There are 2 protein chains.
Amino acid sequence: MLTPERQQIILELLKTKNVVTVHEMCEATDASVSTIRRDLAQLESEEKLRRVHGGASRLHSKITEPTVMEKSAKNISEKKAIASYAASLVENGDCVYLDAGTSTMQMVPFLRGKDIVVVTNGFHLIDPLIKNEIETYILGGKMKVKTGAVVGAKALDSIETYRFDKSFIGINGIHEKYGYTTPDPEEAIMKRKAIGLSQKSYILADHSKLKEVTFSKVAEISEASIITSYHEKDELKQLKSLTTVEVVRK
Amino acid sequence: MLTPERQQIILELLKTKNVVTVHEMCEATDASVSTIRRDLAQLESEEKLRRVHGGASRLHSKITEPTVMEKSAKNISEKKAIASYAASLVENGDCVYLDAGTSTMQMVPFLRGKDIVVVTNGFHLIDPLIKNEIETYILGGKMKVKTGAVVGAKALDSIETYRFDKSFIGINGIHEKYGYTTPDPEEAIMKRKAIGLSQKSYILADHSKLKEVTFSKVAEISEASIITSYHEKDELKQLKSLTTVEVVRK
DNA sequence: TCGTTTTTGAACATTTTTGATTGATTTTTG
DNA sequence: CAAAAATCAATCAAAAATGTTCAAAAACGA
């Protein structure tokens, strides 16, 4: 096995596990402990991971590691199913806004090969978008460390200069009375603005977000369509009276 | 089998595999290891792939791998010395523009702890800036895949909304008659604008850039100060008659 | 066809990588 | 707190891969 291949496996392991033992890495790569140790020393010097006694851990960097966010995010398979469906709504020629967040990030691989333009405020989305050969615009503004989102007054100005065919928004709370809500006011403003600038807006939300209410209101239920995953029928009834709800089976 | 045909097979293999061993390539092409090695040497010099011990790997990283860029960048120690000096010019309270590029990226670690605001169009700079706990704004606009820079009309609009105390610009050519030049016109415009919006502008350039001229003009020599590394005195004489030149010893 | 140039594969010395071993260091256990 | 267990860094020899050299084979031009 070649060195880069081995190191790649180590890094992949770390993406899923946060901490990995030397022994686990030996098994995964069929290499000896010495070799693994040498790899670890090198990868640490490249700041790809942090060595700990017995193995290695991810460097819990503030913004750089979408994987942290990604991994800590629950319901990944559910999100993938939702993302896949959402991506299927995107047609060639569309100008699309992708909100910062894990839900929308899951969409990116499914957009590969489409002839579209994507605008985003999500730092973490840039890399996958580029990798999937999608023409990408980033909003200008303040980098928010915790979420990797571009926010603030400059970002609002920035988004104003675009118009979107479709926007895809991640959300933390959906409630028939209180509408769409998210914890951070600055990000809420961005989401609201994006919805306002789009012909059609879609809210991506796994089932854990239904009936939830968080701090900052983004919009009324009727202002966007909802894409969520399978659920007891009754829970969606009220929402369906207010807007389109697409239910995806995971 | 003809040489181009063989090399094509090698590249096709890499498209599917990320890393390929020499042995695999021998089997796929019915050539000897010597021949494969010669092909690899050539293909690497053409920047079609990266050799690794035992085979070759794709130079994946369209944008994601600053390390690759960083590695392939020459004169790193020289750039570091220049960057260190440049960073020492930044004072608390400053609002600073950092151009996209390896030279300016080297500055970031030296800025740690300063109470400043940084605006940049360099995607690659975001991560180190955040890691070093610096308040960071990114310009909005089109992501340029090759260099990781934000450019284009939107980026121009975006930068217009800022004013800088100091700007630090990487450059490819410095010539007393033709001024500062860089190969890419879109990036040249960004650099020119940044200089126009700054109280004081500094050009970062290792010695290989002196007396060079490339395609797109950024500004006249007199419009910015130059920070470069030690050099035969005479070469700088003419430049010094036009602007301030700081010479750093590496 | 003949002489020249280019490409190829094999041989060999050199370099790099690898896995095992050792003693030191750290962590866990009793 | 001390012994036991686990992990670590350093070292070394074997194995693998590499660059270089050279002669044979192939391609080329006249």
Side-chain angles (χ1 to χ4, degrees), chain A residues 1-61 65 67-68 71, chain B residues 1-61 64-77:
Chain A
M1 178 174 299
L2 271 46
T3 308
E5 198 177 351
R6 212 178 37 240
Q7 299 190 350
Q8 190 57 42
I9 290 177
I10 293 175
L11 293 175
E12 290 297 330
L13 267 180
L14 268 173
K15 278 187 189 170
T16 63
K17 293 252 313 174
N18 232 350
V19 292
V20 183
T21 67
V22 170
H23 190 66
E24 281 172 326
M25 294 184 255
C26 289
E27 288 203 335
T29 60
D30 267 328
S32 69
V33 284
S34 301
T35 302
I36 294 298
R37 289 223 172 78
R38 275 185 284 257
D39 283 337
L40 292 184
Q42 186 184 346
L43 289 170
E44 184 176 45
S45 76
E46 291 172 8
E47 299 193 341
K48 301 276 183 60
L49 51 74
R50 192 163 55 93
R51 291 188 74 175
V52 296
H53 198 88
S57 86
R58 195 155 35 191
L59 22 90
H60 50 289
S61 59
E65 283 282 323
T67 52
V68 173
K71 183 243 157 183
Chain B
M1 180 175 296
L2 273 46
T3 308
E5 189 181 353
R6 212 176 39 238
Q7 299 191 349
Q8 191 56 41
I9 290 178
I10 293 175
L11 293 176
E12 290 297 330
L13 268 181
L14 268 174
K15 277 185 190 166
T16 63
K17 289 256 309 173
N18 239 349
V19 291
V20 183
T21 66
V22 170
H23 189 67
E24 282 172 327
M25 293 184 260
C26 289
E27 289 202 335
T29 60
D30 267 328
S32 70
V33 285
S34 301
T35 303
I36 295 297
R37 288 219 175 79
R38 275 185 282 257
D39 285 337
L40 292 184
Q42 186 184 346
L43 288 170
E44 184 177 45
S45 75
E46 292 170 7
E47 299 192 342
K48 301 277 184 58
L49 51 75
R50 190 165 61 97
R51 292 190 74 176
V52 298
H53 200 89
S57 85
R58 203 177 343 187
L59 22 92
H60 36 308
S61 74
T64 174
E65 287 276 325
T67 52
V68 173
M69 209 170 81
E70 214 172 330
K71 249 189 207 166
S72 69
K74 295 298 166 207
N75 313 321
I76 274 284
S77 76

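Below, chain A is the first sequence line, B the second, and so on; all start at residue 1. All values below were derived from every heavy atom in this structure, side-chain atoms included, with hydrogens, water molecules and symmetry-related copies excluded. Quantities reported herein were computed from a predicted structural model and do not represent experimental measurements.
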Would you mind reading off the distance between A:M25 atom CE and D:dT7 atom P, rounded to a whole angstrom?
11 Å
If you only use heavy atoms from C-beta on, which nucleotide in D:dT20, C:dT21, C:dT17 is closest to the side chain of B:H53?
C:dT17
B:V22 near the nucleic acid: base, sugar-phosphate alone, or nothing, with a heavy-atom cut-off under 4.0 Å?
sugar-phosphate
A:R37 versus A:R51, closest heavy-atom pair with distance
CD-NH2, 3.7 Å
Rounded to whole angstroms, how far apart are CD1 on A:I36 and P on D:dC8?
12 Å
Mapping A:S32 and B:T3 onto DNA chain C by nearest heavy atom, which one lands closer to the 5' end?
B:T3
Which heavy-atom pair separates A:T3 from A:D39 by the least distance, and what is that distance?
CG2-OD1, 4.0 Å
Whether B:R6 contacts C:dT8 is assessed here as follows: a side-chain N or O lying under 4.0 Å from the phosphate OP1 or OP2. Is that the case?
yes
To the nearest Å, how far apart are B:L2 CG and D:dA25 P?
20 Å
What integer distance in Å separates B:D39:CG from C:dT8:C1'?
11 Å
Length of the CD-C1' vector between B:Q42 and C:dT8, whole Å:
14 Å
To the nearest angstrom, how far is A:E5 atom CD from D:dA17 atom P?
13 Å
Non-hydrogen atoms of B:R6 and B:A31 that approach each other most closely:
CD-CB, 3.7 Å
Check whether any side-chain nitrogen or oxygen of A:R51 sits under 4.0 Å from OP1 or OP2 of C:dT26, and answer yes or no.
no
Set out, line by line, the N/O atom pairs under 3.5 Å between protein and nucleotides 13-15 of chain D.
none

Check step by step if side-chain contact (heavy atoms from CB on, under 4.5 Å) holds for B:K48 and B:L11.
CA-CA 8 Å; B:K48 301 277 184 58; B:L11 293 176; 4.0 Å; yes
Quick one: the side chain of B:R38 and the base of D:dG19, do they pair up donor-acceptor inside 3.5 Å?
no
Calculate the interatomic distance between A:H23 atom NE2 and D:dA5 atom P; express it in whole Å.
18 Å
Opposite nucleotide pairing with C:dG30, Watson-Crick or G-U, both atom distances under 3.5 Å:
D:dC1
Take atom CD of B:E46 as the centre, draw a 6.0 Å sphere, and report whether it contains more than 12 heavy atoms from other residues, nucleotides or ligands.
yes
What are the two closest non-hydrogen atoms of B:G55 and B:L40, and how far apart are they?
O-CD1, 4.2 Å
Do you know the tightest heavy-atom contact between B:V52 and B:A56?
CG2-N, 3.9 Å
Of the nucleotides D:dT18, C:dA20, D:dT7, which one has an atom closest to the side chain of B:R37?
D:dT18
Give a yes/no answer on whether the side chain of B:T35 brings an N or O atom under 4.0 Å of OP1 or OP2 in C:dT8.
no
